[in-house]
Amino acid sequence: MPKSKVKFSSMAFSHWDVNETLPAKFKRLLESSDLADRINGKSVAIKMHVGSNMTFSTIPPVFVRILVDYVKKSGAKCFITDHYINGRHPEERGYTSSTLGCEILEGAGFFGKYFYTREVDFKKLKHIDVSGLINDADFLINFSHVKGHGACAFGGAVKNIAMGCVTDRTRGELHSLEGGIEWNKEKCTYCEQCLQSCNHHANKFEGEEYKVFYHHCTFCQHCVQVCPTGAISLNGENQADFEEGMAICTKEVLDTFDKNNYYHINVLTSITALCDCWGLTTPSLVPDIGIMASDDIVAVDKASIDAIKFDNLIEAGIPKGHRMGTEGHLFQRLHGKNPYDQIDCLVKYNLGTTDYEIEEAE
């Protein structure tokens with residue numbers, strides 16, 4: 001298999017000039033691609049994470065507007081989409097139809113009931129419910145903010161699809177591959193941080209007992225990671241199953257489109273330890289890197305992981321007193337999981353190649 005090309009716009013600059021800045025370079029990256037011909041006359045879904053609460057590390061609106069303007073100039077119609085749009089109030093982070101130049105729509109409809117199901121049979125993963133608006137679009141631009149992730153170590157193009165282009169039922173089945181939730185009463189201080197961190201109101205205390213309503217639980221692990229005493233944990237954890245489930249989900253979503261009808265763009269700025277869905281932003285782990293783009297989801301995510309190096313760690317991005325591991329990638333030392341496991345699973349399902357070459361967009 002030939003090497004996949006990964007276009008790259010670097011954050012580095014040589015002199016004080018607007019044309020040396022990342023937004024200007026992003027424009028040139030898009031113009032140097034063949035996207036214009038591929039999207040002409042089509043409906044384009046731009047899938048991105050709109051963040052929540054006090055997050056300010058998501059993709060800045062200036063980059064989103066550049067992409068939207070490019071799509072429209074190329075003769076296509078487009079919309080921004082994510083899940084939980086209405087509950088996340090994207091307007092609080094500058095994401096409005098007027099600033100971005102297109103509508104911002106809930107992928108599975110206002111009630112989350114508009115989707116197309118693809119049946120699969122992988123352990124607890126049985127239903128890939130592809131969001132209706134994703135399914136109905138002619139073309140998918142997978143516009144991802146790169147960051148760390150507690151469940152899979154690294155959140156990039158794969159996470160943006162596997163977790164963001166499907167319904168709660170599919171997300172719950174994906175996370176359930178990791179194991180169930182276990183509570184240790186003796187360790188619990190009843191601080192209720194676990195309740196405050198749950199985006200789905202799936203947990204509560206009944207008297208002195210901790211209860212999880214698994215109908216609402218998506219196994220996102222927010223409660224596990226925020227618990228200060230380690231009273232909440234996952235039992236029967238199987239990270240390999242979870243990584244494979246993400247690959248299966250990614251494949252089913254991408255199979256909705258002809259092979260020439262999707263494109264992946266990773267934004268490597270404000271690279272923080274946690275997913276944007278936490279509703280908070282911590283300091284960056286490493287300096288901003290730039291933007292990468294490719295037809296190949298394996299290549300673009302591997303190139304992104306490769307670019308994030310432990311040697312460039314900004315210690316302020318790690319909580320005070322947090323003990324990191326001593327081996328492996330930065331995200332592995334931080335979250336205890338190898339980010340390259342995602343890549344191996346994608347290769348297993350023939351979703352791309354790890355053999356890539358960087359093509360810098362001047």
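FYI, side chains are in, hydrogens and waters are out, and symmetry mates aren't considered; it's all heavy atoms of this structure.
A salt bridge is absent between Glu209 and Lys211: the closest approach of a Lys/Arg side-chain nitrogen to an acidic carboxylate oxygen does not fall below 4.0 angstrom. Here Arg88 pairs with Asp82 in a salt bridge; the nearest charged N to carboxylate O distance falls below 4.0 Å. With respect to Glu357 and Lys3, no salt bridge is recorded, no charged nitrogen being found less than 4.0 Å from a carboxylate O. Look at Asp341 and Lys337 and you find no salt bridge, because none of the NZ, NE, NH1 or NH2 atoms lies under 4.0 Å from a carboxylate O. Between Asp295 and Arg38 there is a salt bridge, with a side-chain nitrogen of the basic residue lying less than 4.0 Å from a carboxylate oxygen of the acidic one. We find that Asp69 and Lys72 are not joined by a salt bridge, their nearest charged nitrogen and carboxylate oxygen being 4.0 Å or further apart. Ion pairing between a basic and an acidic side chain is recognised when a charged N comes within 4.0 Å of a carboxylate O; Lys5 and Glu359 show such pairing. A salt bridge between Lys348 and Glu244 is present, with a side-chain N of the basic residue lying under 4.0 Å from a carboxylate O of the acidic one.
Hydrophobic clustering, with ILVMFWY side chains joined whenever heavy atoms are under 4.5 angstrom apart, groups Val166 together with Ile297. Linking Ile, Leu, Val, Met, Phe, Trp and Tyr whenever their side-chain heavy atoms come within less than 4.5 Å puts Ile59 and Leu22 in one cluster. In terms of hydrophobic clustering, with Ile, Leu, Val, Met, Phe, Trp and Tyr side chains grouped at heavy-atom distances under 4.5 Å, Val300 and Phe331 are assigned to a common cluster. One hydrophobic cluster, built from ILVMFWY side chains closer than 4.5 Å, cannot hold both Leu140 and Ile46; they sit in different ones. By the criterion of side-chain heavy atoms lying less than 4.5 angstrom apart, applied directly or through intervening Ile, Leu, Val, Met, Phe, Trp or Tyr residues, Val50 is not grouped with Leu105; the two fall into different hydrophobic clusters.
To the nearest 0.5 Å, atom CZ of residue Arg171 and atom SG of residue Cys249 are 9.5 Å apart. Interatomic distance, CG of Asp255 versus CG of Leu351, reported as 7.5 Å (0.5 Å rounding). Atom OG of residue Ser74 and atom CG of residue Leu35 lie 7.5 Å apart, to the nearest 0.5 angstrom. Asn266 contributes atom CG, which lies 15.5 Å from atom NZ of Lys7 (distance to the nearest 0.5 angstrom). To the nearest 0.5 Å, atom CZ of residue Phe139 and atom CG of residue Asn40 are 12.0 Å apart. With rounding to the nearest 0.5 angstrom, the OG1 atom of Thr353 is 11.0 Å from the CD1 atom of Ile343.
The environment of NE2 in His322 is crowded: more than 12 heavy-atom neighbours from other residues, nucleotides or ligands sit within 6.0 Å. The number of heavy atoms from other shown groups lying within 6.0 Å of CE (Met54) does not exceed 12. With a 6.0 Å radius and a threshold of 12 heavy atoms from other residues, nucleotides or ligands, Glu315 has its CD atom at or below the threshold. Within 6.0 Å of atom NZ in Lys126, more than 12 heavy atoms from other residues, nucleotides or ligands are found, so the atom counts as buried in its surroundings. Other residues, nucleotides and ligands place no more than 12 heavy atoms under 6.0 Å from the NZ atom of Lys27. Counting heavy atoms of neighbouring residues, nucleotides and ligands inside a 6.0 Å radius, atom NZ of Lys185 exceeds 12 of them.
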message: Please determine whether side-chain hydrogen bond (donor to acceptor under 3.5 Å, both in side chains) holds for the pair Thr58 and Tyr95, giving the CA-CA distance in whole Å, both sets of side-chain angles, and the decisive distance to 0.1 Å.
response: CA-CA 10 Å; Thr58 50; Tyr95 298 142; 2.9 Å; yes
- request: Using the side-chain hydrogen bond (donor to acceptor under 3.5 Å, both in side chains) rule, take Glu106 and Thr81 through it: C-alpha gap first, then chi angles, then the decisive distance, then the call.
  value: CA-CA 6 Å; Glu106 182 74 44; Thr81 187; over 6 Å; no
message: I'd like to know whether Tyr210 forms a side-chain hydrogen bond (donor to acceptor under 3.5 Å, both in side chains) with Asn203, so could you lay out the CA-CA distance, the side-chain angles of the two residues, the decisive distance to 0.1 Å, and finally the verdict.
response: CA-CA 7 Å; Tyr210 179 71; Asn203 53 0; 2.9 Å; yes
task: For the pair Lys25 and Asn19, evaluate side-chain hydrogen bond (donor to acceptor under 3.5 Å, both in side chains) and give the outcome as yes or no after the intermediate values.
output: CA-CA 7 Å; Lys25 290 181 179 181; Asn19 290 316; over 6 Å; no
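In this pair, Phe242 and His175 present their aromatic rings parallel. The plane angle is below 30°, not in the 30 to 60° band. Taking the six-membered ring where the residue is Trp, Phe143 and Phe26 present parallel rings, their angle staying beneath 30° rather than reaching 60°.
No donor-acceptor pair under 3.5 Å is formed between the side chain of Asp258 and the backbone N or O of Asn261. In this structure, Ser131 contributes its side chain and Leu133 its backbone to no donor-acceptor pair below 3.5 Å. Put simply, the side chain of Thr250 gets close to the backbone of Met246: a donor and an acceptor are under 3.5 Å apart. With hydrogens and angles ignored, the 3.5 Å screen pairs a side-chain donor or acceptor of His49 with a backbone N or O of Gly51. No donor-acceptor pair closer than 3.5 Å links the side chain of Gln332 to the backbone N or O of Ala153. Side chain of His127 to backbone of Val120: no donor-acceptor contact under 3.5 angstrom is found. Using a distance-only test at 3.5 Å, with no hydrogens or angles considered, no donor-acceptor pair links the side chain of His149 to the main chain of Cys275. With hydrogens and angles ignored, the 3.5 Å screen pairs no side-chain donor or acceptor of Ser4 with any backbone N or O of Tyr356. One N or O on the side chain of Thr55 and one on the backbone of Asp276 form a donor-acceptor pair closer than 3.5 Å. The closest donor-acceptor contact from the side chain of Arg333 to the backbone of Gly328 lies under 3.5 Å.
Shown are Thr354, Asp306, Asp301; of these, the side-chain hydrogen bond (donor to acceptor under 3.5 Å, both in side chains) with Tyr340 is made only by Asp306.
In the hydrophobic clustering, Val226 connects to Leu274, Trp278, Leu280, either directly or through intervening members, whenever side-chain heavy atoms lie under 4.5 Å apart.
Taking the six-membered ring for Trp and the full ring otherwise, Tyr262 and His264 have centroids separated by under 6.0 Å.
For the residue pair Tyr263 and Ser33, the shortest heavy atom distance occurs at OH-CB, 4.1 Å. Contact detail for Pro283 and Thr272: the closest heavy-atom pair is O-CG2, 4.0 Å. Shown here for Phe8 and Ile289, the closest heavy-atom pair between the two residues is CZ-O, 3.7 Å. When all heavy atoms are compared, the tightest approach of Val6 to Ala303 is CG1-CB, 4.2 Å.
Residues that satisfy the salt bridge (charged side-chain N to carboxylate O under 4.0 Å, His left out) test with Asp138, not counting sequence neighbours, are absent from this structure.
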